[in-house]
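What you see is a predicted model; the values in this text were computed from it and never measured.
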Number of protein chains: 2
Amino acid sequence: MPTLSEVARHAGVTPATVSNVLRNRGRVGAQTRQRVLDAVDALGYRPHLAARALAEGRAPTLALMVSSIANPFYPEFALAVERAARTSGHFVIICNTNEDPQTGRAYLDQIAGTLSEGVLVTNANLDFADLHTTEARGTPVVLCMWERPNEPPGLPCVAVDFRLAGELAGAHLLALGHRRIGAIVGSKASGIHAARYQGFVDALHAAGAPKSPVKHALDTIQGGYDATRALLEADPKLTAIFATNDLPALGAMHAAADLGLHVPDDLSVIGITDIQLARESRPALTTVAVPTVEVAELAVSLLRELIESSYGQAGRGAANVPMRISSPPELVVRASTGAPRPR
Amino acid sequence: MPTLSEVARHAGVTPATVSNVLRNRGRVGAQTRQRVLDAVDALGYRPHLAARALAEGRAPTLALMVSSIANPFYPEFALAVERAARTSGHFVIICNTNEDPQTGRAYLDQIAGTLSEGVLVTNANLDFADLHTTEARGTPVVLCMWERPNEPPGLPCVAVDFRLAGELAGAHLLALGHRRIGAIVGSKASGIHAARYQGFVDALHAAGAPKSPVKHALDTIQGGYDATRALLEADPKLTAIFATNDLPALGAMHAAADLGLHVPDDLSVIGITDIQLARESRPALTTVAVPTVEVAELAVSLLRELIESSYGQAGRGAANVPMRISSPPELVVRASTGAPRPR
């Protein structure tokens, strides 16, 4: 592979001039510039990204920490992150923590500041202390899907008003006439879906509707399936299921099918997020859409700002931790919700 | 961040000794070794992967080229690749070509040999000439899911007998008594699913069954949905659908539901691959399983061998291009296939 020096020799200039041309830096005359580009073409020279980044004291990738790429939300989000990162010439390394804080710590120790100059975190079940340590070592960290804009996490983040998402879902079911609604929460009571569930409870409370039975479940199709069977066994007169995520909502539709219940006539089902499967299921799933692509772009641009401003190197107060808030979630009505039909 | 020299000073040894301890190289006494490890702990030293790799003339990641990570097969495969790569200390950069050879070429130009010391390719719609160029520059390339073991591609590969997968699917439907079977091929006639379709045709031919109507479709749920509607419109007496991939098979089940056809009583459906959704659909999808995890492990281990043997640097004949063949695909019978019921 040809080196920068060989390109310089071929063009009859100094290596510094070649570097300036390739980086659009310094002053180089048009003729010299053309000579350099011709030499680059002739020799098939490719700039050595990793070497260049190291020479500049930079790492050439962004790390994206996710809890499990087998959950279809993460590939969709990773794709959006990758697209946004490419505009700044960054490659993205996807780090699966498999819901294990120790795996996450190993990734942070090995990648942050060496291979990656910034870290994006999405529900990766990481210890905040580890993230603060990473930040203190000079590698900026951005949380990508913070669920409570009014309770800043103490780390830079992109926040989505997930409480509102739950409220919109609840209000939609109430407006259709549902009063007996089962709730499925895809996390522990104090877990990441707590804000979504709170919004749903707020909607019921505002409408004077009775309290809903609630099941905490795995954030999977199977988790939603099992929770729906349990909820309907305890109260066969439920006319709707609210799930805090699309995967358990899809599981609720599977449970309805196995029980011979028609969706939405016998049972309405609503989720949150709007993953691709929500559009592709039969019936198509009504859900509250989260602006995934916008969140990815906000997260990458915030991380780039922090990298360029050497955030984390200097001391700062908690008040100066940046937070970007995405557009609000929006109700997307499809075929899985309708007016209740008494059974 | 502490440097290797600081660790050496702290431990009272030379930097070379620290390096030897951390890499399990050279001879270092047990006491010295412990002093070094204590110093590493005390200072929080982390080896600089990128710098170390460059110093050794190596790049610290593997690149995985995929056509679109939004297709759920790729995240499942990427997860398996990542797990296999971590055992050799490699990180994986996932490169989405979005089915565009130019995007693929840009990735190869920027990553191969600099950031990544090897490239894994899975149906990324890349130009073979670009892959040969990458290889000729000294960066090994492995094709991960070559579909025709008896027609080597001229590049190192892991091959899966996909013709057999199609034959097993066809034989299963025939054994259940189906004779009017619609076929959906998720690629062009000469495309990557041609071997799977050939196996299906072989099974019909061996059983003396009539030729099947066939539709070439997009390799998506929607593609399978549209193709099934078209096949059933042309011949409403079809009793089964064979699809060359699970996504279009799932679309076939959606089409059946919309047409009021019960799966499998009115219409049996079978796919190929066994992605997670196949297990989670209702009814669960009968499919021919491809050994995804095994293929990922074979591909990573072959790529590591090529990296370590400096494959591609030396001249070689076509006969010496290595190919690994995975275990054969296996029929997985679930709820979407059964004996035909005349309509």
Honestly, the part of B:Pro75 sitting under 4.5 Å from a heavy atom of chain A is both
Name the member of A:Met253, A:Arg83, A:Gln276 that forms the most heavy-atom pairs with chain B at distances under 4.5 Å.
-> A:Arg83
Check each atom of B:Leu277 against the heavy atoms of chain A and say whether the ones under 4.5 Å are side chain, backbone, both or neither.
-> side chain
Quick one: of A:Leu79, A:Thr220, A:Val92, who has the most non-hydrogen atom pairs under 4.5 Å with chain B?
-> A:Leu79
Side chain to side chain, B:Ile94 and A:Glu82, heavy atoms closer than 4.5 Å | no
Could you give the distance from CZ (A:Arg282) to OG (B:Ser281), rounded to the nearest 0.5 Å?
-> 13.5 Å
Donor-acceptor pair, side chain of B:His254 and main chain of A:Glu280, under 3.5 angstrom | yes
Bottom line for A:Tyr74: the part with an atom under 4.5 Å from chain B's heavy atoms is neither
